[in-house]
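Just so we're on the same page: letters track the sequence lines, and every chain starts at 1. Excluded from the calculations below are hydrogen atoms, water molecules and symmetry mates; all remaining heavy atoms, backbone and side chain alike, are included.
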Amino acid sequence: MKNQEITAIFFEIADILEMQNVQWKPRAYRKAAMAIESLSEPIEDVYKKGGKKALEAIPGVGENIAKKIEEIIKTGKLHYFEKLKKSMPIDVEALGAVPGLGPKKTVQLYKKLGIKNLDDLKKAALQHRIRHLPGFGEKTEEEILKGISLAKRAGERMLLGLALPVAKEVKSYLEKSKAVKAAEPAGSLRRRMETIGDIDILVASNKPKTVMDYFTAVPSVRKVLAKGSTKASVWVENNLQVDIRVIKPKQWGSALQYFTGSKQHSIELRKIALKKGLKLSEYGVFKGKRVIASKSEEDVYRALGLPYIEPELRENRGEIEAARHSKLPRLIGYDDIKGDFQMHTTYSDGNNGVEEMANAAKRLGYGFIAITDHVGALAIAHAMSKKTIERQFREIERIQKKFPRLRIFKGMEVDIKKNGQLNAASDVLRKADVVYGSIHHGFKGAERENSNRICKAFENKYIQILGHPTNRKINERNPIALNLDTVFEKAKQNNIALEINAMPNRLDLNDVNSKAAIETGCKLAIGTDAHSTEHLRYIELGIATARRAWAEKKNIINALPLKKLERFLQR
DNA sequence: GCCGTTTTCGGCCCGACTGTTTTCAGTCG
């Protein structure tokens with residue numbers, strides 16, 4: 001049982017309890033679930049090391065929840081949860097994924113119309129039976145119908161941020177085998193797409209059978225779907241499918257190219273090969289029957305008369321044309337980032353204090369961070385009052401002295417109101433080094449309205465960065481209607497950086513929009529939006545998105561030398 | 001169900017928005 005699976009159980013318990021109108025317990029279960037989710041080690045290890053006492057040391061986990069965790073670890077099941085599910089025999093997870101449907105409405109639909117799952121819900125909505133229920137209406141019914149497709153899409157493709165650690169774990173497991181010469185996740189994961197269908201892992205080995213047996217015995221395997229002599233498929237936790245393909249070491253380059261794709265990119269490469277009288281397959285570049293390249297990807301591209309193309313670019317979005325004319329970007333590297341622009345602490349809705357975040361940043365070798373707690377009207381997120389801000393800034397100044405090589409910017413994330421004003425007074429904004437403007441409510445506006453809202457905010461002289469610009473959440477919520485051309489142009493004029501929010505389910509701006517922003521001449525800022533020290537590692541996802549957007553160092557302000565960065569922040 | 005030198009019992013982040021209503025419940029963050 002992985003942390004995430006236990007987390008899912010507790011979230012579902014919370015939902016069911018809320019449907020039953022139970023007070024306070026839902027909050028307790030959610031709090032515990034979130035604490036477990038952001039643990040840095042497997043909860044089984046915590047339990048093994050310190051037993052139930054160690055579980056109770058996790059904030060939000062008390063005697064009762066610790067007992068339940070213990071039961072899950074020991075038996076793989078939770079009696080209480082099974083019983084609870086029987087009392088509410090509906091697909092809580094699926095229905096809850098429909099935007100606008102919470103526990104209360106879901107239970108209404110079940111009691112009045114017997115709706116148990118998405119199919120029931122769709123039928124009832126199409127037959128207009130929902131609009132007549134008390135508390136529901138025509139608009140709600142329409143929203144539900146629109147939301148069903150979004151809910152169905154969830155679960156089909158997994159977030160890159162969740163798949164990546166699983167893939168890395170399998171890779172390092174495979175590399176421990178003597179039969180494995182090399183192992184590398186390929187496919188959309190290697191291209192760092194924002195969502196992943198399944199994980200494809202390529203292995204170089206002269207002993208495929210040994211590798212097969214070894215692979216299907218990976219500890220996290222739940223079920224072996226197929227197992228042949230050079231190919232196998234398994235399910236690991238979270239119903240994630242992992243496919244493996246074993247090839248000979250000398251075919252490594254051509255096989256890696258083939259299995260990385262994208263399909264369209266590979267098709268274009270094969271066309272080039274044909275024109276040169278060559279043939280490209282996973283086994284190599286062939287001249288007649290003779291292999292002229294196969295050992296490394298560089299060899300393969302060179303044989304086709306092209307420079308090496310980074311995996312993140314292989315989407316047939318002009319990279320081959322650029323390669324031909326030596327116009328490929330010099331992509332920003334995963335080590336080029338000097339700091340992180342967005343993080344929260346216990347001053348608003350984060351889990352760690354300023355000093356803990358600074359220490360974590362120091363361990364990452366950062367030169368700067370910005371502490372950007374919530375300011376404004378976001379009550380749930382503990383938005384800070386003026387007094388609290390002053391207190392926090394004094395603390396940051398104090399802590400700054402302990403970190404001579406880490407610049408800690410005093411920042412804040414401020415609500416952009418519907419009228420485009422920042423939800424904080426000028427005398428507050430003036431004291432911050434970094435001011436984020438973000439939209440946190442009112443997502444339904446029309447394109448012109450939303451674009452005006454943001455452009456108006458850009459006129460405020462204190463804002464420097466627009467946070468999660470489109471407000472989309474992958475598999476959860478569509479982007480707000482925006483005229484991005486207008487927003488990007490205005491951002492450029494006012495010297496406002498646009499964020500690539502690196503949270504796994506946000507990645508906002510996404511790759512395509514970031515590329516457009518760069519082409520307009522905008523600067524981008526990568527922020528993890530970390531709510532705990534653990535989240536800082538998501539920076540990798542933000543950099544991946546930037547690379548997919550063809551970003552070079554000069555486009556990303558995280559890569560600026562500190563002096564230049566400070567000058568940029570002066571606007 | 002969790003938590004605590006304000007409390008071992010009685011609190012538990014709450015304001016904005018939406019769609020439903022005509023004063024409010026549910027949802028979202």
Student: Strictly distance-based, threshold 3.5 Å: is any side-chain N or O of A/Arg192 a donor or acceptor partner for the main-chain N or O of A/Leu541?
Tutor: no

Student: Indicate whether OP1 or OP2 belonging to B/dT18 is found under 4.0 Å from a side-chain N or O atom of A/Lys418.
Tutor: yes

Student: Tell me which nucleotide among B/dG1, B/dT20, B/dT18 gets nearest to the side chain of A/Lys444.
Tutor: B/dT18

Student: How far, in whole Å, is B/dC3 from B/dT8 if one measures between their C1' atoms?
Tutor: 10 Å

Student: If you look at every strand shown and take non-hydrogen atoms under 4.0 Å, does A/Lys67 touch a base, only sugar-phosphate, or nothing?
Tutor: nothing

Student: Using the P atom in both, what is the distance from B/dT23 to B/dC17, to the nearest Å?
Tutor: 22 Å

Student: Could you work out the separation of B/dG11 and B/dG26 based on their C1' atoms and round it to a whole Å?
Tutor: 24 Å

Student: Between A/Gln23 (CD) and B/dC12 (P), how many Å, whole number?
Tutor: 13 Å

Student: Looking at A/Phe136, is A/Lys105 sitting on its ring face, NZ or CZ under 6.0 Å from the six-membered ring centre and within 45 degrees of the normal?
Tutor: yes

Student: In whole Å, I'd like the distance from the NZ atom of A/Lys31 to the P atom of B/dG11.
Tutor: 18 Å

Student: For B/dT8, what is the paired nucleotide under Watson-Crick or G-U wobble rules, both distances under 3.5 Å?
Tutor: none

Student: For the residue pair A/His440 and A/His374, categorise the inter-ring angle as parallel (less than 30°), tilted (30 to 60°) or perpendicular (more than 60°).
Tutor: perpendicular

Student: Provide, to the nearest angstrom, the distance between the CD atom belonging to A/Gln20 and the C1' atom belonging to B/dG1.
Tutor: 15 Å

Student: Please determine if A/Lys116 forms a cation-pi arrangement with A/Tyr110, meaning its NZ or CZ atom is less than 6.0 Å from the six-membered ring centre and no more than 45° off the ring axis.
Tutor: no

Student: Rounded to whole Å, please give me the gap between OH in A/Tyr29 and P in B/dC3.
Tutor: 13 Å

Student: I need the CD1-C1' distance between A/Ile439 and B/dC28, as an integer number of Å.
Tutor: 15 Å

Student: Within this structure, what is the CG-to-C1' distance between A/Asp349 and B/dC14, rounded to whole angstrom?
Tutor: 13 Å

Student: Can you tell me how far P of B/dC17 sits from CD of A/Glu143, to the nearest Å?
Tutor: 17 Å

Student: Look only at the side chain of A/Asn450 and the backbone of A/Gly445, and say whether a donor-acceptor pair between them is shorter than 3.5 Å.
Tutor: yes

Student: A/Arg27 side chain: which of B/dC12, B/dT20, B/dC17 is closest?
Tutor: B/dC12

Student: Considering only B/dA16, B/dT27, B/dT18, which nucleotide approaches the side chain of A/Lys105 most closely?
Tutor: B/dT27

Student: If you find the nucleotide of DNA chain B closest to A/Gly442 and the one closest to A/Trp24, which residue's nucleotide is nearer the 5' end?
Tutor: A/Trp24

Student: Could you tell me whether A/Pro103 contacts a base, only the sugar-phosphate backbone, or nothing, with contacts defined as non-hydrogen atoms closer than 4.0 Å?
Tutor: sugar-phosphate

Student: What distance, rounded to whole Å, do you find between the two C1' atoms, one in B/dC9 and one in B/dA16?
Tutor: 33 Å

Student: Please determine, for the side chain of A/His441, which listed nucleotide (B/dG1, B/dA16, B/dT27) has the closest atom?
Tutor: B/dA16

Student: Is the backbone of A/Ile439 close enough, under 3.5 Å, to the side chain of A/Asn471 for a donor and an acceptor to pair up by distance?
Tutor: yes

Student: Looking only at atom C1', what distance separates B/dT27 and B/dT20, rounded to whole Å?
Tutor: 13 Å

Student: Give a yes or no answer on whether the side chain of A/Asn494 reaches the backbone of A/Lys490 with a donor-acceptor pair at less than 3.5 Å.
Tutor: yes

Student: Distance check, C1' atoms only: B/dG10 and B/dG15, in whole angstrom units.
Tutor: 24 Å

Student: Short question: side chain of A/Thr75, backbone of A/Ile72 - any donor-acceptor pair under 3.5 Å?
Tutor: no

Student: Between B/dT21 and B/dA25, how many Å separate the two C1' atoms, rounded to a whole number?
Tutor: 10 Å

Student: Can you tell me the distance, in whole Å, between the NZ atom of A/Lys25 and the C1' atom of B/dG1?
Tutor: 7 Å

Student: I need the residues from residues 59-66 of chain A with at least one non-hydrogen atom less than 4.0 Å from DNA chain B; give them sorted by number, or say none.
Tutor: A/Pro59, A/Gly60, A/Val61, A/Gly62, A/Glu63, A/Asn64, A/Ile65

Student: Between B/dC13 and B/dT5, how far apart are the P atoms? Round to whole Å, please.
Tutor: 16 Å

Student: Using atom types as modelled and distance alone, determine if a side-chain donor or acceptor of A/Gln464 lies under 3.5 Å from a backbone N or O of A/Asp433.
Tutor: yes

Student: Does a nitrogen or oxygen in the side chain of A/Thr140 sit under 4.0 Å from OP1 or OP2 of B/dT18?
Tutor: no

